[in-house]
Amino acid sequence: MPAIVWTNDLNIGVPPIDTDHKLLVSLINQLDDAISGGEGRETVGSVINALLDYTEYHFAREESLMEAAGYPDLESHRRHHEQLTARVGAIRDRFVADKDSLADAEVLEFMRTWLTSHILGEDKKYMPYMVGKLEDLERVDRQFTESLVMSDDGVRFE
Ligand SMILES: [Fe+2]
Ligand SMILES: [Fe+2]
């Protein structure tokens, strides 16, 4: 049984956002596999890194779409993102400092809970502001992804 099973209530109805959320679910399930399969600390560490990178990328992408949709609570949503990024970053830093310092079950539970509760609690709030503007948002999203350059250590913003 994976850590998170994708269910329809997690759908926002905006394709790039749902794609990102599914990818984050899949990374959390990979973390679960790495932990429960007894993979080495290096594997666990690389999944945590990938999760942090993709979380940062997803938040920036989502914020650009919220801004384009004229979502009035963008600032408060941005603060939720900053807090989550800081917490995932702290987990990564602890791991880098001491690979055995993390309680795997605790990390997994945190990742699982923040993603589902953030999608259901916060992301769902902008849904009504986006559903009627999918074509415009698709254009904004294309500009956003084109403004990124890939580098060896992950995604960078120009
Ligand atoms: Fe969000
Ligand atoms: Fe999101």
Side-chain angles (χ1 to χ4, degrees), residues 1-35 44-95 102 106-151 153-158:
M1 195 53 182
I4 308 180
V5 177
W6 185 268
T7 48
N8 279 340
D9 60 334
L10 292 170
N11 271 319
I12 298 293
V14 181
I17 290 175
D18 288 328
T19 304
D20 275 1
H21 288 162
K22 283 179 183 159
L23 204 129
L24 287 166
V25 164
S26 135
L27 284 169
I28 290 171
N29 287 334
Q30 280 177 46
L31 183 65
D32 182 39
D33 286 348
I35 291 168
V44 173
S46 67
V47 182
I48 291 175
N49 263 330
L51 255 169
L52 180 61
D53 284 349
Y54 207 83
T55 298
E56 285 180 317
Y57 165 76
H58 167 64
F59 285 170
R61 186 182 202 181
E62 196 176 77
E63 285 165 18
S64 93
L65 292 172
M66 283 190 281
E67 195 174 355
Y71 179 55
D73 286 325
L74 173 62
E75 282 318 309
S76 127
H77 199 126
R78 219 193 278 274
R79 278 194 296 277
H80 279 275
H81 284 172
E82 280 165 8
Q83 284 164 7
L84 288 167
T85 307
R87 291 189 65 183
V88 182
I91 288 175
R92 205 260 311 263
D93 292 348
R94 266 169 67 194
F95 189 89
L102 294 180
E106 192 189 313
V107 173
L108 192 61
E109 187 52 26
F110 166 68
M111 298 285 185
R112 204 169 66 84
T113 316
W114 85 250
L115 184 63
T116 49
S117 63
H118 183 78
I119 294 175
L120 296 173
E122 295 304 313
D123 290 353
K124 283 257 157 138
K125 290 185 193 163
Y126 61 64
M127 208 171 141
Y129 294 86
M130 291 198 191
V131 282
K133 303 174 187 158
L134 291 185
E135 272 179 35
D136 286 345
L137 294 176
E138 200 183 305
R139 202 163 31 246
V140 170
D141 188 59
R142 215 173 309 123
Q143 282 164 2
F144 174 82
T145 48
E146 280 167 10
S147 73
L148 301 176
V149 285
M150 299 299 288
S151 67
D153 53 344
V155 175
R156 284 227 182 98
F157 302 93
E158 283 197 310

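Counting starts at 1 for both ligands and their atoms, in listed order.
- Taking the Fe ion (ligand 1) as the apex, the angle formed with NE2 of His118 and NE2 of His81 is 90°, to the nearest 10 degrees.
- Here the straight-line distance linking atom NE2 of His58 with atom NE2 of His81 works out to 5.5 Å at 0.5 Å rounding.
- The minimum heavy-atom distance between Leu134 and Pro15, with the atom names listed, is CD2-CD, 4.4 Å.
- The Fe ion (ligand 1) has an N, O or S atom of His77 closer than 2.8 Å.
- Nearest to the Fe ion (ligand 2), among the N, O or S atoms that Asp123 has, is OD2.
- Shortest distance from the Fe ion (ligand 2) to Glu62 is reached at OE2 (N/O/S atoms only).
- Scanning both residues, Ile119 and Leu10, for their nearest heavy atoms gives CG2-O, 3.5 Å.
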Practice item. Report the C-alpha distance between Tyr54 and Asp20 in whole Å, list the side-chain angles of each, state the deciding distance to 0.1 Å, and finish with yes or no for side-chain hydrogen bond (donor to acceptor under 3.5 Å, both in side chains). Key: CA-CA 8 Å; Tyr54 207 83; Asp20 275 1; 2.6 Å; yes

